[in-house]
Amino acid sequence: MPLLLLLITFLLALPLTAQTSPNRITPKFVPRTFMRDSINLSDPCILADSATQTYYMTGTGGRLYTSKDLNTWIGPYPVAETDPNSWMGFNPQIWAAELHHYKGKYYYFATFTNNAVKIDTVRGNVIPRRASHILVSDKPTGPYRPMADSTYLPANQPTLDGTFWVDTDGKPYMIYCGEWLQNWDGTIEKIQLKPDLGGSIGQGTILFRASASPWSQEVENGKVRPNKVTDGPYLFRTGTGRLGMIWTSWVDDIYTQGVAYSQSGTLDGPWLQEPKPITPPNFGHGMLFRTLDGKWLMSVHSHKSVNGRYIRIPHLFEVDLSGDKLVVGKMIVGKYQ
């Protein structure tokens with residue numbers, strides 16, 4: 001066989017993923033079908049995409065499920081492709097992914113952790129390089145890939161659970177948590193994004209701290225004190241135009257979700273915390289979405305131990321946003337509609 005023909009034959013035989021994936025060779029994937037109540041997924045986020053009349057669900061793990069009815073899901077498809085030459089390294093952990101459609105493109109907000117890089121040690125806890133970051137795609141199914149800026153947030157600060165909001169000034173922002181393991185009083189912060197979300201502008205600003213919560217608590221050295229954890233912020237507006245934020249912490253060892261409202265109607269607040277949680281115990285890291293038929297739902301996860309294995313299960317709750325406050329209704333058990 002002539003040398004040129006031999007070379008062409010060799011190149012055609014290479015796996016397609018070796019040519020398209022910047023971070024790893026992905027084995028052939030065979031999708032499976034799941035009922036909603038059989039999926040194990042942390043931090044579930046659902047995008048209801050009117051263009052494709054399809055629901056897309058992602059979360060921790062960098063995978064994607066698709067559904068036409070919120071009951072039967074197909075997946076989980078690998079969709080996040082990171083750059084091995086960036087700070088993330090070859091195979092970063094991916095937490096709390098969210099999908100957002102903005103100006104014709106689809107954005108993948110997620111927390112990436114490179115455990116090979118240590119940035120700090122606080123009170124005996126070694127803290128790896130962890131940060132909220134954004135990937136982009138032309139399609140909701142991805143693949144989602146890096147944009148211009150390799151870093152959105154400071155390298156020496158562990159951040160997580162980034163979400164998206166366009167404020168009253170018309171500018172896009174990422175809202176994220178400053179991890180309690182370093183600051184010992186977790187924060188929720190904002191940073192302005194470039195118009196195409198391809199990077200950040202300026203520095204982050206603290207909106208509030210975990211200790212502002214009247215409902216979260218822990219016992220430390222025999223004393224009851226505010227819990228240190230901030231987790232899973234998600235922004236919304238009520239029917240009256242009031243700006244709110246759901247976010248999650250702990251009441252002792254129980255995962256719990258509360259809500260805060262901005263008194264100015266903007267991200268700058270000040271933020272007034274509601275005195276009681278808004279979901280039952282053991283439900284948290286929620287997000288809100290409008291179904292393809294126009295109903296508002298909340299997606300959250302719960303914790304469960306099965307044969308010594310700690311798993312997280314996604315759930316849907318009905319919500320009412322028509323008034324001045326978010327009202328959480330009943331959990332949807334079994335088939336939706």
Side-chain angles (χ1 to χ4, degrees), residues 37-45 59-61 93-98 111 113 115 120-128 130 132 158-163 176-189 207-234 245-260 271 273-288 298-317 319 326 328 330-333:
D37 58 6
S38 69
I39 296 174
N40 295 336
L41 181 67
S42 178
D43 315 323
C45 178
T60 288
Q93 291 180 346
I94 302 176
W95 296 353
E98 294 186 1
T111 305
T113 301
N115 284 307
D120 204 352
T121 301
V122 179
R123 303 193 186 191
N125 293 309
V126 177
I127 301 172
R130 176 177 298 129
S132 296
T159 56
L160 66 158
D161 295 355
T163 189
Y176 59 93
C177 297
E179 192 167 30
W180 71 273
L181 286 172
Q182 184 182 59
N183 58 36
W184 223 245
D185 186 4
T187 58
I188 291 183
E189 308 181 19
L207 304 183
F208 61 85
R209 297 180 180 273
S211 56
S213 166
W215 50 263
S216 66
Q217 66 179 40
E218 62 184 353
V219 177
E220 187 175 62
N221 298 323
K223 296 182 179 180
V224 177
R225 52 148 290 153
N227 198 280
K228 307 178 186 71
V229 175
T230 48
D231 184 88
Y234 201 88
M245 180 195 304
I246 53 176
W247 65 285
T248 301
S249 189
W250 295 80
V251 176
D252 299 323
D253 61 346
I254 301 173
Y255 203 52
T256 307
Q257 183 172 241
V259 63
W271 288 88
Q273 306 290 331
E274 288 288 280
K276 296 182 179 180
I278 59 167
T279 46
N282 195 36
F283 291 91
H285 201 113
M287 57 82 58
L288 303 168
M298 175 185 288
S299 175
V300 298
H301 75 249
S302 66
H303 300 75
K304 187 176 181 179
S305 179
V306 178
N307 297 324
R309 181 173 170 237
Y310 190 67
I311 62 174
R312 296 177 178 182
I313 304 167
H315 302 275
L316 297 176
F317 280 83
V319 295
L326 166 67
V328 179
K330 67 181 181 180
M331 185 171 70
I332 298 172
V333 179

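Just so you know, these numbers use all the heavy atoms, side chains as well, and skip hydrogens, waters and symmetry mates.
Between Thr121 and Ile127 the shortest side-chain heavy-atom distance does not fall below 4.5 Å. Contact annotation: the side chain of Ser213 never approaches that of Ser249 to less than 4.5 Å [non-hydrogen atoms, C-beta and beyond]. Inter-residue side-chain proximity for Lys228 and Asp185 is flagged as unmet; no heavy-atom pair is nearer than 4.5 Å. Looking only at side-chain heavy atoms (C-beta outward), Trp271 and Met245 come within less than 4.5 Å of each other. With a 4.5 Å cut-off on side-chain heavy atoms, Ile94 and Thr111 do not count as touching. Between Leu181 and Arg123 there is no side-chain heavy-atom pair separated by less than 4.5 Å. Between Trp215 and Thr256 the shortest side-chain heavy-atom distance falls below 4.5 Å. Considering only heavy atoms from C-beta on, Pro233 comes within 4.5 Å of Cys177 through its side chain.
Nearest heavy-atom pair across Val328 and Met298 is CG2-CE, 3.9 Å. Here the closest heavy-atom approach between residue Trp250 and residue Tyr255 is recorded as CE3-N, 3.3 Å. The two residues Ser216 and Val251 have their closest heavy-atom pair at CA-CG2, 4.1 Å. Considering every non-hydrogen atom in both Ser299 and Cys45, the closest pair reads OG-N, 4.5 Å. Nearest heavy-atom pair across Glu218 and Pro226 is OE2-O, 3.6 Å. The two residues Ile188 and Trp247 have their closest heavy-atom pair at CD1-CB, 3.8 Å.
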One pair to check against side-chain contact (heavy atoms from CB on, under 4.5 Å): Arg309 and Ile311. What are the steps and the verdict?
CA-CA 6 Å; Arg309 181 173 170 237; Ile311 62 174; 3.7 Å; yes

Apply side-chain contact (heavy atoms from CB on, under 4.5 Å) to Val306 and Lys304, showing your working.
CA-CA 6 Å; Val306 178; Lys304 187 176 181 179; 4.0 Å; yes

Assess whether side-chain contact (heavy atoms from CB on, under 4.5 Å) is satisfied between Asp252 and Gln217, documenting all intermediate values.
CA-CA 6 Å; Asp252 299 323; Gln217 66 179 40; 3.5 Å; yes

Give the C-alpha distance, both sets of side-chain angles, the deciding distance and a yes or no for side-chain hydrogen bond (donor to acceptor under 3.5 Å, both in side chains) between Glu98 and Thr163.
CA-CA 7 Å; Glu98 294 186 1; Thr163 189; 2.7 Å; yes

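One distance of note links CD of Gln257 with OG1 of Thr279; it measures 4.5 Å at 0.5 Å rounding. Remark: Ser211 OG to Asn227 CG distance equals 10.5 Å, nearest 0.5 Å. In this structure, His301 NE2 and His315 NE2 are separated by 9.0 Å, a value rounded to the nearest 0.5 Å. One distance of note links OG1 of Thr230 with OH of Tyr176; it measures 11.0 Å at 0.5 Å rounding. How far CH2 of Trp180 is from CG of Asn125: 6.0 Å, rounded to the nearest 0.5 Å. To the nearest 0.5 angstrom, Arg225 atom CZ is 5.0 Å from Glu220 atom CD.
Under the side-chain hydrogen bond (donor to acceptor under 3.5 Å, both in side chains) rule, His285 has a single partner from Asp43, Thr60, Thr248, which is Asp43.
For Glu189, there are no salt bridge (Lys or Arg N to Asp or Glu O under 4.0 Å) partners, not counting sequence neighbours.
A donor-acceptor contact under 3.5 angstrom links the side chains of Asp120 and Gln182, judged on distance only. Checked by atom type, the side-chain pair Ser302/Asn282 shows no donor-acceptor distance below 3.5 Å.
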